[in-house]
Amino acid sequence: MAHNMYTLYWSEGTASFAPQAVLEEAGLPYKLVSIDIEASENRGADYLKVNPTGRVPTLITPKGEVIYESAAIGLYLIDHHGLDALAPLSNDPLRGAFLQSLIYLSNTVQAFYRTFYYPDRFGQSLETEAAFKATAVENLYDAWECVEVYLQKNGPYHLGDRFSFADIYLVMLITWFVPMDDILKRYPAIKMCFDLCAARPAIEKCMSGQTQISVGGAIKP
Ligand SMILES: N[C@@H](CCC(=O)N[C@@H](CS)C(=O)NCC(=O)O)C(=O)O
């Protein structure tokens with residue numbers, strides 16, 4: 001592995017999208033290691049040694065540090081490389097608004113998706129699982145409604161005219177909605193933010209899978 005290269009444990013359509021988009025936007029050298037969640041590779045002993053939560057993504061820095069949680073990885077990269085094109089840095093007056101939007105997306109909106117995608121981890125019977133899933137959908141609509149109201153007031157991006165990692169996070173979470181178009185049809189300000197971001201070459205590249213240079217299977221931090 002090249003000494004200046006990041007390694008991102010990645011899986012298509014998952015939370016690895018956000019850190020990958022930061023790496024792409026910043027032009028940082030990285031390689032992807034594909035983790036097959038369908039085949040439970042994320043629960044295998046090798047991956048658990050790297051990330052004991054058994055979730056994707058995980059970043060290994062060129063110095064060998066291990067960082068997981070997609071929002072944390074993005075913030076780490078932004079801070080470490082001073083990427084002020086992707087976020088207001090610590091002394092910027094917009095820092096608070098940026099953190100608020102990012103944490104709302106990662107802590108509230110994203111959490112409802114986990115209930116939606118993994119209802120078996122919440123309910124103990126098929127009926128309660130279905131109820132958890134249905135409630136997750138309602139919660140997702142409510143949460144996206146809050147984002148819509150915020151963007152109508154402050155948009156087109158979370159920070160007005162300034163694109164940031166919070167918008168990358170929005171794109172990722174929108175793509176997880178089933179059906180995605182439903183959110184885009186319902187919420188015009190979210191659609192505007194999504195469309196502006198999706199037109200960025202780095203994001204388009206991550207969405208279209210053009211970066212799939214994955215090294216499958218071999219988990220070597
Ligand atoms: N909060 C975590 C969530 C990561 C997450 O939920 N990853 C999913 C894929 S999107 C995963 O690894 N699922 C497999 C599992 O939980 O077993 C993050 O943002 O990194």
Side-chain angles (χ1 to χ4, degrees), residues 6-25 30 32-61 65-80 86-87 98-124 129 132-133 135-137 139-140 143-144 147 158 164-180 183 194 197 203 206-207 209 211-212 214-217 219 221:
Y6 285 98
T7 300
L8 183 65
Y9 289 92
W10 167 97
S11 195
E12 190 172 5
T14 69
S16 51
F17 175 90
Q20 187 192 3
V22 172
L23 290 162
E24 281 290 335
E25 284 280 351
Y30 70 98
L32 299 177
V33 176
S34 177
I35 297 296
D36 188 345
I37 294 178
E38 292 292 309
S40 299
E41 218 179 347
N42 57 312
R43 298 278 159 192
D46 286 346
Y47 188 69
L48 290 176
K49 269 186 226 153
V50 180
N51 179 344
T53 72
R55 297 179 187 176
V56 177
T58 307
L59 183 81
I60 313 291
T61 73
E65 297 156 297
V66 178
I67 305 166
Y68 47 83
E69 287 295 326
S70 54
I73 296 171
L75 287 172
Y76 168 86
L77 291 169
I78 287 163
D79 290 348
H80 191 73
L86 294 183
F98 164 71
L99 288 175
Q100 172 189 284
S101 289
L102 178 65
I103 303 298
Y104 181 73
L105 291 170
S106 77
N107 201 37
T108 298
V109 185
Q110 190 175 1
F112 292 137
Y113 278 108
R114 279 197 65 85
T115 317
F116 178 80
Y117 280 107
Y118 304 109
D120 53 312
R121 298 183 193 173
F122 296 86
Q124 292 180 343
E129 280 176 30
F132 268 105
K133 200 165 174 129
T135 306
V137 173
N139 284 326
L140 278 166
W144 281 123
V147 176
H158 283 89
S164 73
F165 180 48
D167 306 307
I168 291 177
Y169 224 88
L170 174 143
V171 170
M172 175 177 85
L173 296 180
I174 288 292
T175 63
W176 293 356
F177 198 86
V178 184
M180 176 177 111
I183 293 288
F194 180 90
C197 294
I203 296 196
C206 295
M207 289 176 84
T211 58
Q212 290 179 23
S214 324
V215 182
I219 298 168

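Order of appearance sets the numbers: ligands from 1, and atoms from 1 within every ligand. Keep in mind that the numbers below use all heavy atoms, side chains included, and drop hydrogens, waters and symmetry copies.
Atoms of ligand 1 found under 4.0 Å from any heavy atom of Tyr169 (numbered from 1 in listed order, with element): 19 (O). Atoms of ligand 1 found under 4.0 Å from any heavy atom of Arg43 (numbered from 1 in listed order, with element): 15 (C), 16 (O), 17 (O). Contact atoms of ligand 1 toward Pro57: 20 (O) (distance under 4.0 Å to a heavy atom of the residue). Per-residue contacts place Asn42 under 4.0 angstrom from the following atoms of ligand 1 (heavy atoms of the residue considered): 14 (C), 15 (C), 17 (O).
Between Trp176 and Tyr113, the two ring planes are perpendicular [angle over 60°; tilted spans 30° to 60°].
Interatomic distance, Tyr76 OH to Thr61 OG1, rounded to the nearest 0.5 Å: 4.5 Å. Once rounded to the nearest 0.5 Å, the distance linking CG of Asp36 with OH of Tyr47 reads 12.5 Å.
Heavy-atom distances between Glu41 and ligand 1 stay at or above 4.0 Å for every pair. Put simply, part of Tyr118 is less than 4.0 Å from ligand 1, judged by heavy atoms. Heavy-atom distances between Tyr9 and ligand 1 stay at or above 4.0 Å for every pair.
Between the side chain of Asn42 and the backbone N or O of Gly54 there is at least one donor-acceptor pair closer than 3.5 Å. Using a distance-only test at 3.5 Å, with no hydrogens or angles considered, no donor-acceptor pair links the side chain of Asn107 to the main chain of Ile103. Using a distance-only test at 3.5 Å, with no hydrogens or angles considered, no donor-acceptor pair links the side chain of Thr115 to the main chain of Phe132.
Residue contacts with ligand 1: Thr14 is placed with no nitrogen or oxygen under 3.5 Å of a nitrogen or oxygen of the ligand (distance criterion only). Between Arg55 and ligand 1, no N or O atom pair is found at a separation short of 3.5 Å. The shortest N or O to N or O distance between Ala15 and ligand 1 is not under 3.5 Å. Taking any N or O of Trp176, backbone or side chain, none lies under 3.5 Å from an N or O belonging to ligand 1.
Residue, atom and distance of the protein heavy atom nearest to atom 20 (O) of ligand 1 are Ser70 N, 2.9 Å. Here the heavy atom of the protein found nearest to atom 3 (C) of ligand 1 is Gln110 NE2, 3.6 Å. Protein heavy atom closest to atom 5 (C) of ligand 1, with residue, atom name and distance, is Arg114 NH1, 3.5 Å. Among protein heavy atoms, atom 7 (N) of ligand 1 sits closest to Val56 O, 2.9 Å.
Taking the side chain as every heavy atom from C-beta outward, Leu170 and Leu105 approach each other to under 4.5 Å. In this structure the side chain of Gln20 reaches within 4.5 angstrom of the side chain of Tyr30, judged on heavy atoms.
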When you look at Phe194 and Ile183, which way does the side chain to side chain contact (heavy atoms under 4.5 Å, CB included) test go after all the steps?
-> CA-CA 11 Å; Phe194 180 90; Ile183 293 288; over 6 Å; no

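If you check the side chains of Ser101 and Tyr169, you find no donor sitting under 3.5 Å from an acceptor.
Comparing Glu69, Arg121, Glu38 by heavy-atom distance to atom 15 (C) of ligand 1, the nearest is Arg121.
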